[in-house]
Amino acid sequence: MRYPFEDSIKVRLTDRVHLMHAVEKLLQHGVPEELIPVRLARVFYVDIDELNIVLKTVASHRPKETQDGETDLQAVA
């Protein structure tokens, strides 16, 4: 027999690879970076330390925007 509280048990989201996938998915859907921890914590038990590492990694690989709204691309060669 199932009890009602079992239906509300959250899944753990602690693996860095799974966190990276979740963050990329939310960014693709237009969720701002500062709201990602809130959105994930509503649905999962999140390892916040791992999530912070993932968010720093993602932020360092994304092109930065200038004040006029244009993307500041870095020269490669």
Side-chain angles (χ1 to χ4, degrees):
M1 181 173 156
R2 294 188 79 175
Y3 295 99
F5 73 88
E6 289 182 30
D7 293 332
S8 65
I9 295 176
K10 294 181 183 180
V11 176
R12 291 178 184 251
L13 187 58
T14 56
D15 186 35
R16 192 173 294 183
V17 174
H18 294 136
L19 282 166
M20 182 71 76
H21 180 70
V23 167
E24 288 174 354
K25 194 85 156 176
L26 288 172
L27 288 173
Q28 289 173 356
H29 284 89
V31 176
E33 285 184 37
E34 59 270 3
L35 291 180
I36 289 176
V38 175
R39 295 275 178 102
L40 290 177
R42 287 181 182 163
V43 181
F44 302 101
Y45 287 118
V46 180
D47 183 349
I48 296 298
D49 294 329
E50 285 292 325
L51 180 58
N52 285 334
I53 292 169
V54 167
L55 288 172
K56 285 180 185 177
T57 303
V58 169
S60 67
H61 291 351
R62 294 180 75 193
K64 298 176 184 173
E65 289 188 10
T66 59
Q67 289 181 348
D68 57 358
E70 293 182 10
T71 303
D72 185 23
L73 298 177
Q74 184 179 13
V76 178

**Report entry** From CG (Asp47) to NE2 (His18), nearest 0.5 Å
**Finding:** 13.5 Å

Report task. Please answer: with hydrophobic residues joined when any side-chain heavy atoms are less than 4.5 Å apart, are Ile53 and Val46 in the same cluster? Result -> no

Report task. Please name all residues satisfying side-chain hydrogen bond (donor to acceptor under 3.5 Å, both in side chains) with Arg16, sequence neighbours left out, ordered by chain then number. Result -> Glu50

Report task. State the CZ-CD distance between Arg39 and Glu34, to the nearest 0.5 angstrom. Result -> 11.0 Å

Report task. Give the cluster check for Met20 versus Tyr45: same hydrophobic cluster or not, with ILVMFWY residues linked at side-chain heavy-atom distances below 4.5 Å. Result -> no

Query raised in the report: Which atom pair, heavy atoms only, marks the closest approach of Leu55 to Pro37?
Result: CD1-CG, 4.0 Å

Report task. Calculate, to the nearest 0.5 Å, the distance between atoms CZ and CG belonging to Arg42 and Leu35 respectively. Result -> 8.5 Å

**Report entry** Sub-4.5 Å side-chain heavy-atom contact between Val11 and Val43
**Finding:** no

Report summary line: Across all chains, not counting sequence neighbours, the side-chain hydrogen bond (donor to acceptor under 3.5 Å, both in side chains) partners of Glu24 are none

Query raised in the report: Under the 6.0 Å and 45° cation-pi test, does Lys10 pair with Phe44?
Result: no

Query raised in the report: CG of Leu40 to CG of Leu13: how many Å apart, nearest 0.5 Å?
Result: 6.0 Å

Requested in this report: Under 4.5 Å between side-chain heavy atoms, chaining through other members, with only Ile, Leu, Val, Met, Phe, Trp and Tyr counted: pull out the rest of the cluster around Val17, sorted by chain and number.
Outcome: none

Report task. Would you give the length of the straight line joining atom CG of Leu27 to atom CD1 of Ile36, rounded to the nearest 0.5 angstrom? Result -> 4.0 Å

Report task. Could you grab the distance from atom OG1 of Thr14 to atom CG of Asp49, nearest 0.5 Å is fine? Result -> 11.5 Å

